[in-house]
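Everything on this sheet refers to the single structure shown next.
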Protein chains: 2
Amino acid sequence: MVTKNQIKFIKRLSLKKNRIKYNMFVVEGEKIIKEFINSSYKLEKIYSVNPEKFTGYDSNLISVKELKSISNLKSPNGDLAVFNMVSFTLKNENFYVALDGINDPGNLGTIIRTCEWFGVNQIICSKNSVDCYNSKVIQASMGSLSRVHVFYDDILSFIDSKKMDVYGADIDGDRYDNIKFKSSGIWVFGSESHGISKNIISKIDKKVKIPKSHDNIKTESLNLPISLGIILSKIRL
Amino acid sequence: MVTKNQIKFIKRLSLKKNRIKYNMFVVEGEKIIKEFINSSYKLEKIYSVNPEKFTGYDSNLISVKELKSISNLKSPNGDLAVFNMVSFTLKNENFYVALDGINDPGNLGTIIRTCEWFGVNQIICSKNSVDCYNSKVIQASMGSLSRVHVFYDDILSFIDSKKMDVYGADIDGDRYDNIKFKSSGIWVFGSESHGISKNIISKIDKKVKIPKSHDNIKTESLNLPISLGIILSKIRL
């Protein structure tokens, strides 16, 4: 059973400040919950309309009505779990993805999922980026957040701390399909609305763009996760 | 000024059956509205908290509160317009994108935007696909729907009517980066949850997949618009 206090507590976790305060976050859906259980994150509690699905875990019955009152989904799918955050340490790699000021949670989730597909298990986000434990990020990442770790850091300091080539996706760059990339380096992607910040642009060794098929095309920008997916498919396969 | 009847009418347009009945749909946001004005679609009426932005058009004052009551956006941005649908005729091309059972409106909108970037101005959707005049599709397409035309048709009949090579994105296919594609053909993409329907799979000459960077990666699928973006970047640039 779920208590009134637990319901109140889970509702509070929809705000970033409370997730940080309690070091906890909410995951919904049987498949994604099971992926988080099989990850480095530590399960706090599961609430399910069918708790037998999670035998062996702290799984509690919740009514459809109660679940609806705490779910972040339009159509709650029957299961919700609270997990404890883990403090990960950034590993040394020869390839990094850095996101500067990404604010759309669906985009961050899709990027996390795409990074995993292309074997990138760490993402650096500028501190003004959307929180990766936001429910929309978790849902869009389709479980990949349980394996891809997101670090919030100052991107300039991060670049300075590494002696690596820095690439940036930028509309004024050279065509990506004309460039021979190294497989190592830091790749910076800016927000859809503002691109890469000026102070970071100055640190970029090579600006790269994905061109349109021809010059008469009117749309002004490519969706950010798609730009990243095209770049990663070129470098990481 | 906006009347109570107009408010009631615009609310009704959030349902597909009413959009079909009246042959009208709703667009929000100054930039996207202006792109639709400059397209083949015929403007019915604009409602704006600042109607002078649209001088020369049938632009009516609406209060923030009234707008909020009819907007499909969480944070309405001040302008909403009703447009009349147009019955487009499919043009003969040497390259087509066909979507089989796409049901996520955000994905369809992103695909429309990505198709435009890569010079694909027509999309065939199976009849069970999400309606392209759904507000989430229009917002995610970022104005591209004003220039990219979506046709709802039976994909099997469409394939039969063309004597072209048929490609399909499928997890059991050959690596896309090992294949030399023709620039002409029909490319079929299925839904994220069900893939391409069985009866259509049998019509596909070449199944193609985007591989993971290595075999130990756990995520099971790539986001659909990203798969499409990667394929189009390979064929259309």
Side-chain angles (χ1 to χ4, degrees), chain A residues 31-32 34-35 38-39 74 95 104 106-107 109-121 136 140-148 175-178 183 192-193 209-237, chain B residues 31-32 34-35 38-39 74 95 104 106-107 109-121 136 140-148 175-178 183 192-193 209-237:
Chain A
K31 190 165 174 293
I32 306 187
K34 288 185 171 164
E35 292 187 57
N38 291 319
S39 76
K74 269 196 178 165
F95 185 86
D104 182 289
N107 278 354
T110 304
I111 286 173
I112 291 169
R113 184 177 167 197
T114 308
C115 278
E116 186 182 15
W117 188 269
F118 291 114
V120 178
N121 297 314
K136 284 184 186 163
S141 92
M142 300 278 278
S144 288
L145 181 67
S146 66
R147 298 172 296 265
V148 173
R175 286 178 67 117
Y176 87 107
D177 46 347
N178 284 345
S183 60
E192 283 203 11
S193 30
K209 75 168 174 192
I210 298 164
K212 298 180 192 177
S213 285
H214 57 80
D215 289 340
N216 300 335
I217 290 169
K218 287 189 178 147
T219 182
E220 284 162 23
S221 68
L222 204 51
N223 164 277
L224 172 59
I226 290 188
S227 305
L228 176 134
I230 292 172
I231 299 277
L232 292 189
S233 72
K234 172 101 173 159
I235 306 172
R236 308 276 303 172
L237 289 182
Chain B
K31 189 163 175 294
I32 306 187
K34 287 185 171 165
E35 292 186 57
N38 291 318
S39 76
K74 268 196 180 166
F95 185 87
D104 182 290
N107 278 355
T110 304
I111 286 174
I112 291 169
R113 183 177 168 198
T114 308
C115 278
E116 186 182 15
W117 187 270
F118 291 115
V120 178
N121 297 314
K136 285 184 186 161
S141 92
M142 301 277 279
S144 288
L145 181 66
S146 67
R147 297 172 296 266
V148 173
R175 286 178 67 116
Y176 86 106
D177 46 347
N178 285 345
S183 59
E192 283 203 10
S193 30
K209 75 168 175 191
I210 297 164
K212 298 179 191 177
S213 285
H214 57 79
D215 289 340
N216 300 336
I217 290 169
K218 286 191 179 146
T219 182
E220 284 162 22
S221 68
L222 203 51
N223 165 277
L224 173 59
I226 289 189
S227 305
L228 177 136
I230 292 172
I231 300 276
L232 292 189
S233 71
K234 172 100 174 162
I235 306 172
R236 308 277 303 174
L237 289 181

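By convention in this document, chain letters (A, B, ...) are assigned in the order of the sequence lines, proteins followed by strands, and residues within each chain are numbered from 1. Predicted model, so just to flag it, every value in this text is computed and none were measured.
- We find the CD1-CG distance between B/I230 and A/L237 to be 7.5 Å, quoted to the nearest 0.5 Å.
- Ranked by heavy-atom pairs shorter than 4.5 Å toward chain A, the options B/E35, B/R175, B/K218 are led by B/K218.
- Both the backbone and the side chain of A/S221 have a heavy atom closer than 4.5 Å to some heavy atom of chain B.
- When B/R236, B/K212, B/E220 are compared by the number of non-hydrogen pairs under 4.5 Å with chain A, B/K212 comes out ahead.
- In terms of heavy-atom pairs under 4.5 Å with chain B, the best-connected choice from A/I217, A/D177, A/L222 is A/L222.
- Shown here are the salt bridge (Lys or Arg N to Asp or Glu O under 4.0 Å) partners of B/K136, two or more places apart in sequence or in another chain: there are none.
- The two residues A/P225 and B/I226 come nearest to each other via the heavy atoms O-CD1, 3.5 Å.
- Under the side chain to side chain contact (heavy atoms under 4.5 Å, CB included) criterion, A/S144 pairs with A/I112, A/R113, A/E116, A/S141, A/R147, B/T219, sequence neighbours left out.
- For the set B/M142, B/H214, B/K31, B/K234, the count of heavy-atom pairs under 4.5 angstrom toward chain A peaks at B/K31.
- Comparing B/I210, B/N216, B/I231 by how many heavy-atom pairs each has under 4.5 Å with chain A, the most go to B/I210.
- At least one donor-acceptor pair under 3.5 Å links the side chain of A/W117 to the backbone N or O of B/P211.
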